[in-house]
Amino acid sequence: MRLYDTLTRRVKEFAPREPGHVRMYNCGPTVYRRNHLGNYRAYATADLLRRTFELLGWRVTQVMNITDVGHLTEDDVADAAGEDKLQKEAQQRKLDPWQIAREVEGWFHEDRRTLRILDAHRYPRATEHIPEMIAMIEALVANGHAYAADGNVYFSVGSFPSYGALSGNTVEKLDAGASGRVEERSDKRSPHDFALWKHDPKHLMQWDSPWGRGFPGWHIECSAMSRKYLGDTFDLHTGGPDNIFPHHECEIAQSESVTGKPFVRHWVHCGWLTLGGEKMSKRAGKIHTVPELVEMGYAGADIRLFLLKQHYRAPLPFRLELLDEAREIRKRFNNFIRQERPPGPPDSEAADAARARFRAALEDDLNTSEALAVLHELMTTVNRTGAGADEAVRFLREADRVLAILDEPDEAPDAEIERLMAEREAARRSRDFKRSDAIRDELLKRGIELLDTPQGTRWRRK
RNA sequence: GGUGGCGUAGCCAAGUGGUAAGGCAAGGGAUUGCAAAUCCCUCACCCCCGGUUCAAAUCCGGGCGCCACCUCCA
């Protein structure tokens, strides 16, 4: 498998350190507000990786963090509460950041299931790993990589020479660049030092620590939790493009300063989901959520296909037109696997060739565009020749273990539908097309679409 | 100012040295009671200018345009 690595900035061979077993950590949601589609691009990419590894026959241990601490201030809670009726209620019942965090976490799982994103093996919450974080910070203070100042603890960036390797933002470059943009704090030895533990009485969530009451800095949770569940060194760490700097840069510095070992062997970051040429951001106010799109009539699988249809690293423009396109593509796939065909000669040649090309495409830095093209070409071939349809359908189902865009097979129609279909058939026989079309429209209203084929009338759910 | 990335048809997009995959949309035709589905056909001088090469969308140089990050937004 070949995969782009953000750290070395090139596509390189990916293989788990323990043969056949991938250990992967995905940066997960910050649960103070319902995630928008941009967030899900990162999770869908992680899901695609996990499913691809499993296709290759590897075992995967996947861990995704839930960031439920570190960012909630009164303002954030008030802000988050403004966008949803449930939240408004919570506001009226008295604000409780814990409650909001759990609620938003629930939405996250709801949305990701809609997008057919598989369950990770663990979803550790930051608030449940405070002791691990404190232990790690203590170790950093003890070995000189961090210092306490007035209830705060900072990581000393100067103590970690390769700081900046992931993002290109080395200390010198940062100095040369945004002078004045970095918050100057008198208790920091260098303006680039970042917080491991913070003291702020205004903050809603607080814990006791050797440095007094406070709360952990953002980056330390991932270092602590990934280490706990995946070890000092693990195979793959993923996230959105904004995680590269500062989050992942800081994680590397912290983790390696504690363990003295390489932190992560391969870094994967997806590209931005853009909206009108701009990134989709929690702060921009232009947000599309999964339920909002479902409400507009898109299936979760449509949205999923939209996210996976193009290469994970390229910027992806969000436009409803592209969701429509994804829906049309899915229709073609679903029609193909449900198509009634006269029995054709068995032929596994086309499907076997497609299987090999499909796998090769995914192994080539997750080239989903190519993988989808392979599937399209296979369908065209089978439609044309009439041979190998069963083998092709079987392979499509196989490929769908990675893509997860096909519909489930239709269940049996109920008696009422069967009765109407029979009535329509009788009407058609007597050439009463007005009546037969009326029945077809009636069924369509109930979500049942009829297809007249040479083998008789078929139906499917719309 | 620093850092990372992008520019291929109406739209999305693959392709990183050998003469432009695939899809969506659109148009024409076949089939159908009408539809649906399916099939056939049509649809690109790869942002610009130089250079290297027998050969460049692909490599090099220079432009132009666009996006993002620069301490807690996936």
Side-chain angles (χ1 to χ4, degrees), chain A residues 6 9 26-30 33 35-46 67 70-71 157 164 166-170 172-183 188 191-195 198 217-219 238-247 249-250 269-274 277-284 306 309-311 313-317 319 321-322 324-329 331-332 335-336 338-341 361 364 367-377 379-380 383-384 386 428 431-434 436-437 440 444 449-454 457-458 460:
Chain A
T6 309
R9 284 184 244 291
N26 313 127
C27 264
T30 301
R33 181 166 173 173
N35 283 177
H36 61 264
L37 245 207
N39 301 301
Y40 286 104
R41 187 177 190 199
Y43 314 142
T45 301
T67 299
H71 314 290
V157 165
L166 185 71
S167 64
N169 288 325
T170 59
E172 306 79 66
K173 299 241 174 89
L174 286 169
D175 278 337
S179 56
R181 293 192 54 171
V182 176
E183 186 189 7
K188 279 191 190 180
H192 308 303
D193 291 349
F194 57 90
K198 288 181 168 182
W218 176 36
H219 315 302
T238 75
D242 50 342
N243 286 149
I244 298 171
F245 189 87
H247 189 49
E249 193 75 74
C250 295
H269 299 92
C270 66
W272 290 101
L273 183 71
T274 63
E278 294 166 27
K279 67 170 177 165
M280 194 176 279
S281 152
K282 281 185 185 177
R283 290 173 183 165
F306 159 72
K309 206 172 72 63
Q310 86 175 257
H311 193 76
R313 276 191 286 124
L316 173 62
R319 288 195 290 125
E321 200 182 334
L322 296 176
D324 292 338
E325 185 186 327
R327 179 159 57 187
E328 289 307 314
I329 294 168
K331 220 152 115 188
R332 166 135 124 117
N335 285 333
F336 182 87
R338 282 189 293 219
Q339 179 81 23
E340 295 289 334
R341 298 180 179 81
D364 180 19
N367 192 339
T368 46
S369 300
E370 168 74 14
L372 250 2
V374 168
L375 266 30
H376 274 112
E377 282 173 35
M379 289 191 292
T380 301
N383 282 334
R384 227 175 253 175
R428 290 183 76 210
R431 304 193 69 78
D432 180 1
F433 295 122
K434 222 177 136 182
S436 73
D437 286 353
R440 184 166 63 190
L444 195 59
E449 187 176 25
L450 297 183
L451 316 166
D452 295 329
T453 75
T457 300
R458 301 286 153 188
R460 69 174 180 218

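Letters A, B, ... mirror the listed sequences (proteins, then strands); counts begin at 1. All heavy atoms count here, side chains included; hydrogens, waters and symmetry mates do not.
In this model, the phosphate group of C11(B) is not approached by any side-chain N or O of Arg319(A) to a distance below 4.0 Å at OP1 or OP2. Distances shown here put every side-chain N or O of Arg332(A) at or beyond 4.0 Å from the OP1 or OP2 atom of A37(B). Taking side-chain N and O atoms only, Gln310(A) has a distance below 4.0 Å to OP1 or OP2 of A13(B).
Checking side-chain atoms of Asn367(A) against main-chain N and O of Asp364(A) turns up no donor-acceptor pair under 3.5 Å. Arg313(A) places no side-chain N or O within donor-acceptor distance of the main-chain N or O of His269(A), the cut-off being under 3.5 Å. In this structure, the side chain of Asp193(A) engages the main chain of Val157(A) through a donor-acceptor pair within 3.5 Å. Checking side-chain atoms of Glu249(A) against main-chain N and O of Ser167(A) turns up a donor-acceptor pair under 3.5 Å.
The base-pairing partner of A36(B), taking Watson-Crick or G-U wobble contacts with both distances under 3.5 Å, does not exist among the strands shown. If you check U3(B) for Watson-Crick or wobble pairing at under 3.5 angstrom, you find it paired to A68(B). With a 3.5 Å ceiling on both atom-pair distances, U53(B) lacks any Watson-Crick or G-U wobble partner. Pair assignment for C45(B): none, as no Watson-Crick or G-U wobble contacts are both less than 3.5 Å.
Ion pairing of Asp324(A) with Arg319(A) is absent here, as no side-chain N (NZ or NE/NH1/NH2) approaches a carboxylate O to less than 4.0 Å.
A57(B) and G23(B): their P atoms are spaced 24 Å apart (whole Å). If you take atom P in G15(B) and the same atom in U8(B), they sit 14 Å apart, rounded to whole Å. The same atom, C1', is picked in G28(B) and in A13(B); the two are 26 Å apart, to the nearest Å. Look at the C1' atom in both G4(B) and C41(B): the space between them is 45 Å, to the nearest Å. If you take atom C1' in G10(B) and the same atom in A44(B), they sit 12 Å apart, rounded to whole Å. If you take atom P in C64(B) and the same atom in C24(B), they sit 39 Å apart, rounded to whole Å. The separation of A14(B) from A9(B), taken at their P atoms, amounts to 12 Å, rounded to a whole angstrom. Taking atom C1' on both nucleotides, A20(B) is separated from A55(B) by 15 Å, rounded to a whole Å.
Among the protein residues, His311(A) comes within range of the sugar-phosphate backbone only, with heavy atoms under 4.0 Å from sugar or phosphate atoms but none that close to a base. Residue-level contact check: Leu375(A) touches neither bases nor backbone, having no heavy atom under 4.0 Å from any strand. Counting any heavy atom pair closer than 4.0 Å across all strands shown, Ser436(A) reaches a base atom. Within the nucleic acid shown, Arg440(A) comes within 4.0 Å of at least one base atom, counting heavy atoms only.
The side chain of Arg428(A) lies closest to C34(B), out of C73(B), G22(B), C34(B). Of the candidate nucleotides U38(B), U71(B), C34(B), C34(B) has the atom nearest to the side chain of Asp437(A). Of all nucleotides listed (U38(B), C11(B), A68(B)), C11(B) comes nearest to the side chain of Leu322(A). The nucleotide whose nearest atom lies closest to any side-chain atom of Asn383(A) is, among C34(B), C12(B), U38(B), U38(B). With C70(B), G22(B), U38(B) as the choices, the nucleotide that has an atom nearest any side-chain atom of Phe245(A) turns out to be C70(B). Of the candidate nucleotides C12(B), A14(B), G22(B), G22(B) has the atom nearest to the side chain of Glu377(A).
Nearest-nucleotide assignment on RNA chain B puts the 5′-proximal partner with Glu321(A), out of Ile329(A) and Glu321(A). Mapping Ser167(A) and Asn367(A) onto RNA chain B by nearest heavy atom places Ser167(A) closer to the 5' end of the strand.
Side-chain N/O atoms of His192(A) and base N/O atoms of U71(B) include a donor-acceptor pair closer than 3.5 Å. At a cut-off of 3.5 angstrom, counting only N and O atoms as typed in the model, there is a donor on one side and an acceptor on the other between the side-chain of Asp452(A) and the base of C34(B). The base of G23(B) lies close enough to the side chain of Glu325(A) for a donor and an acceptor atom to sit less than 3.5 Å apart. Residue side chain Arg9(A) does not reach the base of G4(B) through any donor-acceptor N/O pair under 3.5 Å, judged by distance alone.
With rounding to whole Å, Leu444(A) atom CG is found 12 Å from A36(B) atom P. Spacing between atom NZ of Lys309(A) and atom C1' of A21(B) amounts to 13 Å, rounded to whole angstrom units. A straight line from NE2 of His269(A) to P of G5(B) spans 13 Å, rounded to a whole angstrom.
Using a 4.5 Å heavy-atom cutoff, the side chains of His36(A) and Leu273(A) are not in contact.
Note: Phe194(A) and His219(A) have perpendicular aromatic rings, judged against thresholds of 30 and 60 degrees for the angle between ring planes.
The distance from the CG atom of Leu37(A) to the CG atom of Leu316(A) is 9.0 Å, given to the nearest 0.5 Å.
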